[in-house]
Amino acid sequence: MWMFSLQRRYLHSSLCLMKKLKGKTPAEQRWLRRQLKDPYVKASQVQNFRCRSAFKLLEIDDKFRLLQPGYTVVDCGAAPGAWSQVAVQRVNSDVTDPELPRGMVVGIDLLNIPPLDGAHFLSSCDVTDPATHAKLLELLPHGKAHVILSDMAPNASGFREMDHEKLITMCLSLIDLAEKILQPQGSLLCKYWDGILAHKLQETLSSVFSSVRTLKPDSSRKDSAERYFLARMYRRPIK
Ligand SMILES: C[S@@+](CC[C@H](N)C(=O)[O-])C[C@H]1O[C@@H](n2cnc3c(N)ncnc32)[C@H](O)[C@@H]1O
């Protein structure tokens with residue numbers, strides 16, 4: 001009997017998969033199959049996160065305690081908003097204790113970011129643009145943040161070296177942003193794609209942060225060049 005029900009369930013899920021794959025290009029089919037098998041995609045649906053990337057930040061924050069109650073956090077490349085969801089939870093995690101200050105999360109993206117309780121979003125804004133920096137300075141308490149997060153990524157062209165260079169340039173621009181808005185001793189977490197210029201980014205970060213480490217969370221796909229730099233204890237550059 002159980003064998004029959006197992007066979008029926010298998011047949012049902014195979015039929016659903018065939019329906020979803022119908023009319024898709026081979027590349028889209030590969031992507032869809034991978035999404036359907038991915039435990040983090042399933043977990044993000046169960047836990048109501050906007051995408052699987054939430055688990056990368058959760059993993060990093062569980063280990064390094066980056067997001068403290070009361071902190072102000074700027075989330076660069078925030079759409080669709082999963083990292084902001086995690087940040088809102090963590091900086092306000094003791095809402096039951098009126099003594100603890102509430103935190104603030106500001107997300108920025110070139111795209112539209114659907115609204116989220118507890119977060120302020122700057123949609124259709126470029127993180128590298130000084131006009132966005134000016135908007136941030138107005139929004140942040142005393143114009144300062146404790147943490148800058150960046151999961152920004154350019155649209156991948158398929159040319160690995162070119163995409164790598166583009167993302168490194170975007171990460172380097174975060175150092176200008178840090179100079180304007182990051183508190184002394186503040187932290188920066190930024191995604192990059194590994195490649196020949198990664199050491200240059202690491203060196204530049206090391207010139208203004210006392211500690212810089214490379215991270216590859218378990219939830220980051222093994223076959224991806226994605227890595228994160230966690231830079232802590234910001235000190236203003238000497239000019
Ligand atoms: C991988 S997604 C971020 C996912 C997000 N961390 C989350 O958890 O929902 C990368 C985002 O970076 C954004 N992006 C790329 N370049 C940007 C820029 N110059 N300024 C702002 N956002 C940018 C893209 O529009 C895209 O939404």
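Nothing here was measured: the structure is a model prediction, and the numbers come from that model. Note that the numbering runs from 1 along the sequence shown for the chain.
Here the side chain of Arg102 pairs no donor or acceptor atom with the backbone of Val91 at under 3.5 angstrom. Not a single donor-acceptor pair under 3.5 Å links the side chain of Asp163 to the backbone N or O of Ala156.
Listed by first and then second residue, the ring-ring contact (aromatic ring centres under 6.0 Å, His included) pairs involving residues 191-218 are Tyr192-Phe229, Phe209-Tyr234 (not counting sequence neighbours). Applying the ring-ring contact (aromatic ring centres under 6.0 Å, His included) rule to pairs touching residues 106-159 yields Tyr71-His146, sequence neighbours excluded.
A heavy-atom distance below 4.5 Å is found between the side chains of Arg232 and Leu66. The closest side-chain heavy-atom distance from Val127 to Ser150 is not below 4.5 Å. The side-chain heavy atoms of Val147 and Gln68, taken from C-beta on, include no pair separated by under 4.5 Å. Put simply, the side chain of Leu57 reaches to within 4.5 Å of the side chain of Leu67, judged on heavy atoms. A heavy-atom distance below 4.5 Å is found between the side chains of His164 and Ile168. Residues Leu177 and Cys76 have side chains in contact (heavy-atom distance under 4.5 Å, counting atoms from C-beta outward). Counting only heavy atoms from C-beta outward, the side chains of Arg90 and Asp62 approach each other to under 4.5 Å. Looking at heavy atoms from C-beta onward, Glu161 lies in side-chain contact with Ile196 at the 4.5 angstrom threshold.
More than 12 heavy atoms of other residues, nucleotides or ligands sit less than 6.0 Å from atom NZ of Lys144. The neighbour count for Asp223 CG, taken as heavy atoms of other residues, nucleotides or ligands under 6.0 Å away, is above 12.
Remark: Thr214 OG1 to Leu205 CG distance equals 10.0 Å, nearest 0.5 Å. Rounded to the nearest 0.5 angstrom, Asp126 CG and Met170 CE are separated by 8.0 Å. To the nearest 0.5 Å, atoms CD1 (Ile175) and CD (Glu179) are separated by 10.0 Å. To the nearest 0.5 angstrom, Ser84 atom OG is 8.0 Å from Arg50 atom CZ. Rounding to the nearest 0.5 angstrom, the gap separating the CG atom in Asp129 from the NZ atom in Lys135 is 8.0 Å. A distance of 7.5 Å separates CG in Asp151 from CG in Asp75, rounded to the nearest 0.5 Å.
Of all non-hydrogen atoms in Asp218 and Glu59, the two that sit nearest each other are N-OE2, 2.8 Å. Taking both residues in full, the closest heavy atoms of Phe49 and Ala54 are given as CG-CB, 3.5 Å, listed atom of the first, atom of the second, then distance. Contact record, Met104 with Pro141: SD-CD, 3.5 Å, taken as the closest heavy-atom pair. Summarising the geometry of Ala153 relative to Leu167, their closest heavy-atom pair is CA-CD1, 4.1 Å, with the distance given to 0.1 Å. The minimum heavy-atom distance linking Ala145 with Val74 is given by the pair CB-CG2, 3.9 Å. Residues Ser187 and Leu182 share a closest heavy-atom pair of O-CD1, 3.8 Å.
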Side-chain donor-acceptor pairs under 3.5 Å in residues 40-48, sequence neighbours left out?
{"residue": "Lys42", "atom": "NZ", "partner": "Leu36", "partner atom": "O", "Å": "3.4"}
{"residue": "Ser44", "atom": "OG", "partner": "Tyr40", "partner atom": "O", "Å": "3.2"}
{"residue": "Ser44", "atom": "OG", "partner": "Val41", "partner atom": "O", "Å": "2.7"}

Please table the atom pairs, donor to acceptor, closer than 3.5 Å between any side-chain atom in residues 106-116 and protein atoms at least two apart or in another chain.
{"residue": "Asp109", "atom": "OD1", "partner": "Leu111", "partner atom": "N", "Å": "2.8"}
{"residue": "Asp109", "atom": "OD2", "partner": "Ala78", "partner atom": "N", "Å": "3.1"}
{"residue": "Asp109", "atom": "OD2", "partner": "Ala79", "partner atom": "N", "Å": "2.9"}
{"residue": "Asn112", "atom": "OD1", "partner": "Ser123", "partner atom": "OG", "Å": "3.4"}

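Phe64 is connected to Phe55 through a chain of hydrophobic side-chain contacts under 4.5 Å among Ile, Leu, Val, Met, Phe, Trp and Tyr, so both are in one cluster. Under the 4.5 Å side-chain heavy-atom criterion for ILVMFWY residues, no single connected hydrophobic cluster contains both Leu197 and Met162. No chain of hydrophobic side-chain contacts below 4.5 Å, direct or via other Ile, Leu, Val, Met, Phe, Trp or Tyr residues, connects Ile181 to Met233.
Scored by the side-chain hydrogen bond (donor to acceptor under 3.5 Å, both in side chains) test, Asp38 finds Arg52, Arg221 as partners (sequence neighbours excluded). Here Ser206 pairs with nothing under the side-chain hydrogen bond (donor to acceptor under 3.5 Å, both in side chains) rule; sequence neighbours left out.
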Evaluation steps, side chain to side chain contact (heavy atoms under 4.5 Å, CB included), between Leu172 and Lys200: CA-CA 9 Å; Leu172 288 169; Lys200 183 180 176 238; 3.9 Å; yes
Given Ser224 and Lys216, is the side chain to side chain contact (heavy atoms under 4.5 Å, CB included) satisfied, shown in steps? CA-CA 10 Å; Ser224 140; Lys216 174 80 174 168; 4.0 Å; yes
